[in-house]
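These numbers come from the heavy atoms of this one structure, side chains and all, not from hydrogens, waters or symmetry mates.
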Amino acid sequence: MTQSTSPVATTVRIRALMPSLAPAEQRVAQRVLDDPAGVAAATISLLAHECHTSETTVIRFCRALGFAGYPAMRLALATELGRADGAGSGRDVSADISPGDDLDQVVAKIAFADARAVEETAQQLDLEVLHRVIDALVAARRIDVYGVGASAFVALDLQQKLHRIGRVAFAWPDPHIALTSAALLGSGDVAVGISHSGATQDTIDALALAKAGGVTTIAVTNFPRSPLAAMADHVLTTAARETTFRSGATASRLAQLTVIDCVFVGVAQRTYDQTQHALQVTHDAVQSRRVRPGKVPAPKRRRK
């Protein structure tokens, strides 16, 4: 099926599909990511030669992205580059943090990568899928959220947000408890699995078990063809580029939180009166735990 891919989303989609491509197609993909301007100006024969593959492979790669063929992809890349130039983007969006970078450069690169992850995630977010996810969560009897490692923090954030507005939601970062939770879910419940790679076995297993029990399943991942996505009825994708410190889950976490915020606000909007009441009640409940201005206790001196 031909996809009307937005120019900005072209390289985003390539990165998302990269792990699921055949080795020869991955070489083409990497070439496009390394030099989109060069590919936009190259013939299909030249690109195939540079990637040590065939023109047929290049066409297959283009169609995997949703384009009718190579000319359509070249046009999308050229348009993307033109928009970037028109916006005055002179920064190297692929710049990695190196050991020789000073702190000013580190801060600038982190800020740019994080902002880009949020922007590109919003641009490629499928609104039809988002609508279906919101419908499922609004109608859910109970919502269980699975994620381990850095994704566990995102799962807990979703649980806290939903619980705050009166939805019955639980996050289970422990893999064994996640499985027991999934085994007890049933029709009318919703299970959400969160994993940047979509290849985290613990999260896949929990979502698969929930799905086997007739539960509506949702995946939040950077890779739409990942094993986690295969277990989900609805897949919401992020668009994060992790580089040197990928294990720190920096930009990917912010991209996931962007999706979670969109989901939460959608649910809150659909249940507006209940949400407003719940927010007010919970706000009042914690007010007594706040230190009032002028009432800050003086620090006690240590005894010598």
Just wondering, do T238 and T258 contact through their side chains at under 4.5 Å, heavy atoms?
no

Quick check against the 3.5 Å criterion: does D284 have a side-chain atom that pairs as donor or acceptor with the backbone of V281?
no

Grouping I, L, V, M, F, W and Y whenever their side-chain heavy atoms are under 4.5 Å apart, do L279 and V286 come out in a common cluster?
no

Side chain to side chain, I110 and D114, heavy atoms closer than 4.5 Å:
yes

Would Q30 and R27 count as having a side-chain donor-acceptor pair, cut-off 3.5 Å?
no

R60 side chain near T56 side chain, heavy-atom distance below 4.5 Å
yes

For M231, does its backbone N or O pair with a side-chain atom of T217 as donor and acceptor, under 3.5 Å?
yes

Linking I/L/V/M/F/W/Y whenever any side-chain heavy atoms sit under 4.5 Å apart, do V259 and F153 land together?
no

So, for A136 and T216, which heavy atoms are closest and what is the spacing to 0.1 Å?
CB-CG2, 4.2 Å

Rounded to the nearest 0.5 angstrom, the NZ-CZ distance for K109 and R116 is 15.0 Å

Going only through I, L, V, M, F, W and Y residues with side-chain contacts under 4.5 Å, is there a path from Y146 to L156?
no

So with a 6.0 Å cut-off around CD of Q269, is the heavy-atom count from everything else above 12?
no

State, with a plain yes or no, whether a side-chain heavy atom of L125 is found less than 4.5 Å away from one of C262.
yes

Around atom CZ of F170, are there more than 12 heavy atoms of other residues, nucleotides or ligands at under 6.0 Å?
yes

Could you tell me whether the side chain of D126 reaches within less than 4.5 Å of the side chain of L236, counting heavy atoms only?
no

What I'd like to find out is whether the side chain of V39 reaches to under 4.5 Å of the side chain of Y70, using heavy atoms alone.
yes

Apply side-chain contact (heavy atoms from CB on, under 4.5 Å) to L33 and T11, showing your working.
CA-CA 6 Å; L33 293 176; T11 53; 4.0 Å; yes

Can you name the nearest heavy-atom pair linking A191 to V215, along with the distance?
N-CG1, 3.6 Å

Indicate whether any N or O donor in one side chain lies under 3.5 Å from an N or O acceptor in the other, for S45 and E55.
yes

When rounded to the nearest 0.5 angstrom, what distance separates CZ in F264 from CG in L137?
12.0 Å

Hey, is CD on E128 packed in by over 12 heavy atoms from elsewhere, all under 6.0 Å?
no

Minimum side-chain heavy-atom gap R167-T271 below 4.5 Å
yes

Flag yes if L185 and L209 sit in one hydrophobic cluster, no otherwise; membership is Ile, Leu, Val, Met, Phe, Trp, Tyr, and two members link when side-chain heavy atoms are under 4.5 Å apart.
no

D233 vs K211 side-chain heavy atoms within contact, under 4.5 Å
yes

Interatomic spacing from CG in L65 to CD in E25 - rounded to 0.5 Å:
9.0 Å

Spatial distance of atom OG1 (T10) from atom CG (L81) [nearest 0.5 Å]:
9.5 Å

If you round to the nearest 0.5 Å, how far is OG of S197 from CD1 of I204?
7.0 Å

Quick one: pull up CG in L257 and NZ in K161 and give me the separation to the nearest 0.5 Å.
7.0 Å

Could you go through L158 and V220, starting from their C-alpha distance and side-chain angles, then the distance that decides it, and tell me whether this counts as side-chain contact (heavy atoms from CB on, under 4.5 Å)?
CA-CA 12 Å; L158 176 58; V220 179; over 6 Å; no

Run the side-chain contact (heavy atoms from CB on, under 4.5 Å) check on V133 and V129 step by step: do they pass?
CA-CA 6 Å; V133 167; V129 175; 4.2 Å; yes

Considering non-hydrogen atoms only, spot the tightest contact between D35 and G38 and give its length.
OD1-N, 3.0 Å

Side chain of R15, backbone of A239: donor and acceptor closer than 3.5 Å?
no

Between V32 and M73, is a side-chain contact (heavy atoms from CB on, under 4.5 Å) present by the stated rule, with each step listed?
CA-CA 10 Å; V32 176; M73 188 187 72; 4.2 Å; yes

Given W172, which of T180, V145, D144 fulfils the side-chain contact (heavy atoms from CB on, under 4.5 Å) condition?
D144

For S195 against T200, the heavy-atom pair lying closest together
OG-OG1, 3.0 Å

Path from I134 to I218 over hydrophobic side-chain contacts below 4.5 Å
yes

